[in-house]
Number of protein chains: 2
Amino acid sequence: MMENKSDTDRCDCIVIHQEIVDKVKENMPQEEKLYDLAELFKVFGDTTRIKILYALSSSDMCVCDIAVLLNMTQSAISHQLRVLKQAKLVKYRKEGKIVFYSLDDEHVKMIFDQGLLHISEK
Amino acid sequence: MMENKSDTDRCDCIVIHQEIVDKVKENMPQEEKLYDLAELFKVFGDTTRIKILYALSSSDMCVCDIAVLLNMTQSAISHQLRVLKQAKLVKYRKEGKIVFYSLDDEHVKMIFDQGLLHISEK
DNA sequence: TGTTCATATGAATAATTGTTCATATGTTAT
DNA sequence: ATAACATATGAACAATTATTCATATGAACA
């Protein structure tokens with residue numbers, strides 16, 4: 001009869017690799033930080049938002065201009081700008097009834113570039 | 001009676017900003033490239049995958065070790081490793097029945113660092 | 001004051017996705 | 001051969017999310 005594996009939640013090789021796993025565990029950032037990191041990248045993980053960010057990296061733009069540029073509804077753009085705003089990736093200034101959005105982060109372009117580098121090499 | 005806006009799909013301000021929009025449009029990368037970029041970041045946009053990538057940045061590990069480390073099922077880890085493999089972010093080598101995964105990209109850490117930089121400043 | 005315009009937002013819907021469960025594949029050891 | 005083990009995978013389910021539609025807000029202007 002076999003020893004029940006789920007008693008320990010560990011496979012056999014973990015016993016051998018325990019040291020490595022412990023070392024890796026030590027080097028892992030806090031749970032919360034990794035969660036925030038994933039949340040940030042999730043914001044980049046949508047074509048519409050990527051396009052908006054790319055557009056804003058060229059020039060500040062108002063909501064309606066972005067909608068025209070991307071051939072999408074004003075509402076869809078506005079919803080996505082809210083997500084970008086919450087992630088502190090864009091900021092805005094009001095001029096009367098027009099709201100101009102712009103990038104709020106120097107890292108956006110660098111994150112882009114690293115991503116494009118990966119893509120172009122694979 | 002008002003002129004129907006949807007005839008042109010353009011708001012009033014776009015007429016004024018047309019030049020800017022045209023310039024931005026010129027500078028936008030190809031549609032496909034932006035799609036791929038979003039797909040790449042989507043892969044980073046999940047806590048489990050971020051943790052796996054972080055773990056592998058410390059040391060190569062087998063599937064079962066990762067499962068123990070993250071306290072998740074082997075199946076869940078395996079599914080996510082497939083996603084990472086497809087994105088060419090990890091590679092693997094087989095040693096008998098054990099499969100060791102490792103990072104397949106120098107950019108992973110740099111993308112991480114930029115992300116963490118953004119988070120820590122906001 | 002009433003109308004037009006630019007933007008924001010809540011609700012609904014459709015599509016995507018992460019995990020679990022059960023099972024398949026392929027390797028090692030007895 | 002058979003059993004044990006490490007990993008992979010398909011189907012199902014629950015949860016998340018992007019867009020649309022209708023409408024609200026608030027500014028400019030006639």
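Just so it is clear, the values below take in all heavy atoms, side chains as well, and ignore hydrogens, waters and symmetry mates. Per chain, numbering begins at 1; letters A, B, ... match sequence-line order. Only a predicted model underlies this, so the values are computations on that prediction, with no experimental measurement involved.
One can place CE of B/Met72 at 18 Å from C1' of D/dA6, the figure rounded to the nearest angstrom. Distance B/Ile98 CD1 to D/dC5 P: 13 Å, rounded to the nearest Å. Nucleotide D/dT7 holds its P atom 9 Å from the OH atom of B/Tyr101, rounded to whole Å. Nucleotide D/dT16 holds its P atom 22 Å from the CZ atom of A/Phe41, rounded to whole Å. When the P atom of D/dT17 is taken as reference, atom CD of B/Glu39 falls 16 Å away, rounded to whole Å. Atom NZ of A/Lys97 and atom P of C/dA6 are 5 Å apart (whole Å). Rounded to whole angstrom, the span from the NZ atom of B/Lys51 across to the P atom of C/dT19 amounts to 9 Å. Remark: P of D/dT7 and CG of B/Leu81 are 10 Å apart, rounded to the nearest angstrom.
At C/dT7, none of the side-chain N or O atoms of A/Arg82 fall inside 4.0 Å of OP1 or OP2 (strictly under the cut-off).
As the counterpart of D/dA28, C/dT3 is assigned, both hydrogen-bonding distances of the Watson-Crick or G-U wobble pattern falling under 3.5 Å. In this structure, C/dT27 forms a base pair with D/dA4, meeting either the Watson-Crick or the G-U wobble geometry with both donor-acceptor distances under 3.5 Å.
Among D/dT20, C/dG18, C/dA8, the nucleotide with an atom closest to any side-chain atom of A/Ala76 is D/dT20. The B/His79 side chain lies nearest to C/dT19 when the options are D/dT7, C/dT19, C/dA8. Taking every side-chain heavy atom of A/Lys85 into account, C/dA8 is the closest of D/dA18, C/dT7, C/dA8.
You'll find a donor-acceptor pair under 3.5 Å spanning the side chain of A/Gln74 and the base of C/dA8, going by distance alone. Judged by distance alone with a 3.5 Å cut-off, no donor-acceptor contact links the side chain of B/Ser75 to the base of C/dT19.
A cation-pi arrangement, defined by a distance under 6.0 Å to the six-membered ring centre and an angle within 45 degrees of its axis, is present between B/Lys85 and B/Tyr92.
In this structure, B/Arg49 contributes its side chain and B/Phe44 its backbone to no donor-acceptor pair below 3.5 Å. Checked by atom type and distance alone, the side chain of B/Ser78 never pairs as donor or acceptor with a backbone atom of B/Ser75 at under 3.5 Å.
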- request: Might you work through the salt bridge (Lys or Arg N to Asp or Glu O under 4.0 Å) test for A/Glu39 and A/Lys42, ending with a clear yes or no?
  value: CA-CA 5 Å; A/Glu39 287 301 304; A/Lys42 208 174 284 181; 3.1 Å; yes
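Here the shortest heavy-atom pairing between B/Leu116 and A/Leu37 reads N-CD1, 3.6 Å.
Nucleic acid contact for A/Thr73: sugar-phosphate only, since backbone atoms but no base atoms lie under 4.0 Å from a heavy atom of the residue.
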